[in-house]
There are 2 protein chains.
Amino acid sequence: MDVARRAGVSQKTVSRVFNDEPYVSAEVRRRVLQAADELGYRRNNAARALASGRTRSIGVVTLGTALYGPASLLMGIERAVRDMGYALRVVNTMEGDPAGVAGAVDSLLDQGVDGIVISEPIDEGSDGTVEGAGSLRVDVPVLVLGAPPLFAAPQVVTAGVVAELLARVATEHLLDLGHLTVHHLAGPGRWYAARDRLEGWRAALAARGRDAPPVVEGDWSAASGYAAGRALASDDDVTAVFAANDDMAIGLIRALTEAGRRVPDDVSVVGFDDIPVAGYVTPPLTTVRQPFDAVAQEGLKRLVHAIENPNADPLPASDPPVDLVVRASTAPPPPRTTPGMGDVRPEHDLT
Amino acid sequence: MDVARRAGVSQKTVSRVFNDEPYVSAEVRRRVLQAADELGYRRNNAARALASGRTRSIGVVTLGTALYGPASLLMGIERAVRDMGYALRVVNTMEGDPAGVAGAVDSLLDQGVDGIVISEPIDEGSDGTVEGAGSLRVDVPVLVLGAPPLFAAPQVVTAGVVAELLARVATEHLLDLGHLTVHHLAGPGRWYAARDRLEGWRAALAARGRDAPPVVEGDWSAASGYAAGRALASDDDVTAVFAANDDMAIGLIRALTEAGRRVPDDVSVVGFDDIPVAGYVTPPLTTVRQPFDAVAQEGLKRLVHAIENPNADPLPASDPPVDLVVRASTAPPPPRTTPGMGDVRPEHDLT
DNA sequence: ATGAAAGCGCTAACAT
DNA sequence: ATGTTAGCGCTTTCAT
């Protein structure tokens, strides 16, 4: 090619310079670099991929929501992928998408990627399984974040199953405050993320020998938290609720407050995520923070290891940090008195 | 190639089948498809890109934050890109990144993309300009979302400069309620998104002949809104504030409330974005909603047009819808009385 | 330390 | 309606 001619060397030598291979004299390297610069040369990735069989890119399958958790995780993934020297390709699977995760993976495979990240998948089949996951032939390593392995691939690594631990910590915080039990406002059952939190809550209660009250299921939205709150407010036994995300917690608190149940005086609420406004709503929300960046980095390190060392053993997983943020939405339970309504005092306008 | 041999046709015919080109008999098409299926064939994108000179992919440069606005826009872009039949590559520019937008664009160009989307850029240079934007040679069409054109590229199209309009609507809403003027809690001045909103606010005031009070600048966070609120609370002339995003509005409201200024009775607040919890904080927030999906779709349609018709005129821009969501954080101003503190009553715990 | 030759798997341009 | 012939711009392999 032109750069080679201009520098008076062979094509291969140019290739060596750009790939930082050894055995090029400083003088030749300089000439090549200069020629390339003058010509505005940049190497063609398609040709590289074709010749080498590697694309140096990683594909990620996400849910296509701007929810704080998934969006934060995606940003962490982008950063981790770039830090590892790969390019990132993104495909969303909207909820209700007929093709689902399998379709997204297929499209990534079509595009050509060296590895795939599946971020916080959900069940899609009516039978509670990931659509088509079994039938798809995946010939690159896969990293599943926040869910069990889903595909038969040369190497499947998982990371970020930390939600269960965080849910335990959140529940224990309420128990430690003296609450006899903790109710749970769960996310949609089809989300692995929701089920992990549910399991953590259940485990924390079981460890203290407490019965788990019936679960209320929301859809992550504040509106669903509000609806749950209206139902829960009439039950005086409810003194503590662990909500599976902050949005629902905020809706829940609003419904409780409107029903005359003060937070945290009458009912304590813990959220999940620590969204940006969590410290500024009324009352400031006690919540747990997910280590998105740490999870993404750790997962990617292991995925790239699997890509670059196909026959080596997978890298071991390590435990990410846990971060409980205690604010003002949690307090010890109210003193046990004769049943009856507390002082009902609606404080705020409705919409 | 194997598929061709197995189907007993030429390589070119296989190519025709997979590209839906005309002039293949139904019979041959069937045979080819079957052979491909049996072999688990999928076409190699690198080879396609190399031979055709097109990658069928679009790169997007984003800010790498999980803020609701940018994250929503990114999701809209992904969807739009996929709908147009392209693959999406993502590169973030973290704030403070020395390479900045130019570095991200460069890396996209390295990867090989047919077009580039720059999503909500910010100024990076200390002199208030986009770092290196001028010196970079970009030879593919560029779409800039929410900012003026930044690069000299074969075609540069912009879309989504709707923030200014939305800011006008928000400000006018407060004016219509009877407020004499409206204060503005702006986003960081380096963000075009912040400056657009500032301009819209200023224009709305100017159109009614009102003076624009001094601007308070935040950093999008609820904490910065809270800090601004403490400062504003002591000024009894402040009866209406337009915040450049909902997070800041929520922090602002908290500070006002703690200072004994009731919202909306004493001070009205309008936010920007309609984040998921906006309707469930106290009081439910009046805000404007950005048409992210519409902006992304329209922008991408025009970008793809520029990619596929290099010599044609750019498609005209169209106006996206405007959506003011009126909730309970805005009301007419309080009756003008003798100056003095209202009833100070701190209602909630601090963190 | 450098070069020559071959070929990765497609599509473009031209047959037939 | 189908086939042939060339490359696309690199990396690989093997020489030197």
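The chains referred to below are lettered A, B, ... by the order of the sequence lines, with proteins before strands, and numbering in each begins at 1.
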For this session: Kindly calculate the angle separating the two end axes of the helix from C/dA1-D/dT16 to C/dT16-D/dA1, each obtained from five base pairs, and round it to 10 degrees.
Result: 20°

Without decimals, in angstroms, what is the distance between [X] [atom1] and [N] [atom2]?
X      : N      : atom1 : atom2 : result
A/L39  : D/dG9  : CG    : P     : 13 Å
A/R56  : D/dC10 : CZ    : P     : 12 Å
B/F18  : C/dC10 : CZ    : P     : 9 Å
A/L50  : D/dC8  : CG    : C1'   : 9 Å
B/R54  : C/dT11 : CZ    : P     : 12 Å
B/N45  : C/dC10 : CG    : P     : 10 Å
A/R5   : D/dG9  : CZ    : P     : 12 Å
B/D110 : D/dC10 : CG    : C1'   : 14 Å

Give a yes/no on whether any side-chain N or O of [X] is located under 4.0 angstrom from OP1 or OP2 of [N].
X     : N      : answer
B/S52 : C/dA12 : no
B/R48 : C/dT11 : yes
A/Y23 : C/dG3  : no
A/S15 : D/dC10 : no

For this session: For A/R302 and A/T158, indicate whether the former's side chain and the latter's backbone hold a donor-acceptor pair under 3.5 Å.
Result: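 Judged by distance alone, yes, a pair lies under 3.5 Å.
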
Go through the structure and list residues passing salt bridge (Lys or Arg N to Asp or Glu O under 4.0 Å) with [X], not counting sequence neighbours.
X      : result
B/D110 : A/R42
B/R82  : B/E78
B/E120 : none

Exercise. Can you tell which of D/dT2, C/dT11, D/dG9 lies closest to the side chain of B/A51?
Worked result: C/dT11

Problem set entry | A/A104 versus A/V91, closest heavy-atom pair with distance | CB-CG1, 3.7 Å

For this session: Would you please name every residue forming a side chain to side chain contact (heavy atoms under 4.5 Å, CB included) with B/Q297, sequence neighbours left out?
Result: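 Residues passing side chain to side chain contact (heavy atoms under 4.5 Å, CB included) with B/Q297: B/A80, B/D293.
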
Problem set entry | B/V156: side chain to side chain contact (heavy atoms under 4.5 Å, CB included) partners, not counting sequence neighbours |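 Checked B/V156 against side chain to side chain contact (heavy atoms under 4.5 Å, CB included); matches are B/V144, B/P149, B/A153.
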
Problem set entry | Position toward the 5' end of DNA chain C (nearest nucleotide), B/A46 or A/S25 |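 It is A/S25 whose nearest nucleotide is closer to the 5' end.
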
Exercise. Base, sugar-phosphate alone, or nothing: which one does B/N19 contact when heavy atoms must sit under 4.0 Å apart?
Worked result: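 Sugar-phosphate, backbone atoms only, no base.
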
Problem set entry | Atom pair CD/OG of B/Q111 and B/S57 - distance to nearest 0.5 Å | 8.0 Å

Please tabulate, one pair per line, each protein N/O and nucleotide N/O from nucleotides 3-6 of chain D that are separated by under 3.5 Å, including the distance.
from, atom 1, to, atom 2, distance (Å)
D/dG3, OP2, B/S10, N, 2.8
D/dG3, OP2, B/S10, OG, 3.1
D/dG3, OP2, B/T13, OG1, 2.6
D/dG3, N7, B/R16, NH2, 2.9

Exercise. What residues, two or more places apart in sequence or in another chain, satisfy side-chain hydrogen bond (donor to acceptor under 3.5 Å, both in side chains) together with A/S10?
Worked result: A/T13

Problem set entry | Residue list, ring-ring contact (aromatic ring centres under 6.0 Å, His included) with B/Y86, at least two apart or on another chain | none

